[in-house]
Amino acid sequence: MEFTIGRDEFYKSLQRAQGFVSPKGPMPILANVFLEASDSAITLFASNLDIGLKGSYDAKVSKPGKVTVQAKKLHDIVRTLPPEEILVKVDEDERLRVICGKSKFNLATIDPDQFPSFPEYDEKTLIGLDSEMVREMISKTSYAISHDETRLTLNGAFLEVAPSRARMVATDGHRLAFVERDGAFKVSEPVKVIIARKAVGELQKLVSEDDEPLQFVQRENHVIFKKGRQTMVVRLIEGAFPNYEQVIPKGSARQATITTASFTDCLKRVATMADEKSHMIRMGFGEGKVEMSSEGGELGEARDEVEAEFAGESVEIGLNAEYIIEMLGAMGADKVALKMQDALSPLMAVVPEDSGLISIVMPMRL
């Protein structure tokens, strides 16, 4: 194998791959990237068996071939090189040579036939998705994905694509984020998958890179996302996602409409004295205002209030301040309506002009 490639293009490809390798796993080859040169491009594939990324990059190929080499080491080498062309080749001793100007590097390789294969799929079966829509759905829900490894089905975001709508939902049992967007999607029946937290983060990077359209297809226990010359494969979380529709309140006896910026600032001030483990604050909803207070034990307490349009009987609720701050930041709206039934019922946040966006936080006992 032998090819020449621009330093910036090669570095970009290796940088993308870093999130997909497994440097400390039981299989040493998963710390490597798979490189294949053919025609006028190279293909770079990285995988940790749960997620993988394959990309195609322009190069001058002198001799086709394939090899695997340690991903981080090759990345660190290329990062230090000047913005010139790089010669990459595999010699008869199966060592990878990287040459740029007077700089020369010699790297060990592992048999490429041992590298995991990319799942086969028919490009004709790919379903189109709007990249901006997916980016927005991830940004509005990913904060609620659970970090508790014992509840696997909560360790990812639930994605449902039906003929006329797409949904993404995430919950950790204490809060829930739901977003729904209308569209025309070429599916005969709904596709329902749970995408692991790390894969969600990598998918967000993929859809944020450029304006290329996104396509996807489910293949047994994998889902494949294709965007331009990048193709990402994700092993799905198996099991049933919780029945989130049961959690979403159907009605509310009380509603407070707040200005997000001033409400968040007030929350942050009061949260400075909240218990460091529970982060609980008392939130009193009443006519024209929301009163907030927190207690830090022997350290002291904090009180503050903010204006709000409130309808219903006064009520006091205990809430995790960090959850509310994170929720409001993800919703990204100037004004939010907070709906509640009573002090022990879920607090539901909605955006008046966006019926497809719902966030829920469970209350804490006062």
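A quick note: this is a predicted structure, and the numbers were derived from the prediction, not measured.
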Only distances under 3.5 Å count here; give the side-chain donor-acceptor pairs of residues 337-350 to other protein atoms, sequence neighbours excluded, each with its distance to 0.1 Å.
unit_1 : atom_1 : unit_2 : atom_2 : d
Q341   : OE1    : A253   : N      : 3.3
D342   : OD1    : L344   : N      : 3.0
D342   : OD1    : S345   : N      : 3.0
D342   : OD1    : S345   : OG     : 2.8
D342   : OD2    : S345   : OG     : 3.4

Ring pair (Phe, Tyr, Trp, His ring centres under 6.0 Å) pairs touching residues 249-298, sequence neighbours excluded, are none
Give the table of side-chain donor-acceptor pairs shorter than 3.5 Å for residues 301-319, with sequence neighbours excluded, one pair per line with atom names and distance.
unit_1 : atom_1 : unit_2 : atom_2 : d
D304   : OD2    : R269   : NE     : 2.8
D304   : OD2    : R269   : NH2    : 3.2
E316   : OE1    : R282   : NH1    : 3.2

May I ask you to decide if D93's main-chain N or O and D91's side chain share a donor-acceptor pair within less than 3.5 Å? no
Would you say CG of D334 has more than 12 non-hydrogen atoms from neighbouring residues, nucleotides or ligands within 6.0 angstrom? no
For residues 58-67, tabulate all N or O donor-acceptor pairs below 3.5 Å that involve a side-chain atom, not counting sequence neighbours.
unit_1 : atom_1 : unit_2 : atom_2 : d
D58    : OD1    : R229   : NH1    : 3.1
D58    : OD1    : R229   : NH2    : 3.1
K60    : NZ     : E85    : OE2    : 3.2
K66    : NZ     : D113   : OD1    : 3.4

Taking every heavy atom of D76 against every heavy atom of T80, the minimum-distance pair comes out as O-CG2, 3.2 Å
For residues 25-33, dump all side-chain donor-acceptor pairs below 3.5 Å to protein atoms at least two apart in sequence or in another chain.
unit_1 : atom_1 : unit_2 : atom_2 : d
N32    : OD1    : Q70    : N      : 3.4
N32    : ND2    : T68    : OG1    : 3.0

Is there a path of hydrophobic side-chain contacts, each under 4.5 Å between heavy atoms of I, L, V, M, F, W or Y residues, that connects M327 with V179? yes
Taken in chain and number order and not counting sequence neighbours, the residues that satisfy side-chain contact (heavy atoms from CB on, under 4.5 Å) with L299 are M273
Sorted by chain and number, sequence neighbours left out, side-chain contact (heavy atoms from CB on, under 4.5 Å) with Q15 holds for Y11, H75
Residue pairs passing the ring pair (Phe, Tyr, Trp, His ring centres under 6.0 Å) test with at least one member in residues 77-135, sequence neighbours excluded, are F34-F115, F45-F115, F45-F118
Heavy-atom side-chain contact between L267 and L328 under 4.5 Å: yes
| request: Give a yes or no on whether the backbone of Q114 and the side-chain of D111 come within a donor-acceptor separation of less than 3.5 Å. | output: no
With sequence neighbours left out, the residues meeting side-chain contact (heavy atoms from CB on, under 4.5 Å) with A330 are Y143
Scanning both residues in full, the closest heavy-atom pair of P242 with L154 reads CG-CD2, 3.3 Å
Minimal heavy-atom distance between N155 and S146, with the atoms involved, is ND2-O, 3.1 Å
Sorted by chain and number, sequence neighbours left out, side-chain contact (heavy atoms from CB on, under 4.5 Å) with P213 holds for none
By side chain to side chain donor-acceptor pair (under 3.5 Å), K268 pairs with (sequence neighbours left out) none
Sorted by chain and number, sequence neighbours left out, salt bridge (charged side-chain N to carboxylate O under 4.0 Å, His left out) with R197 holds for E149
Per side-chain contact (heavy atoms from CB on, under 4.5 Å), V200 is matched among I51, L159, I145, V234 by I145
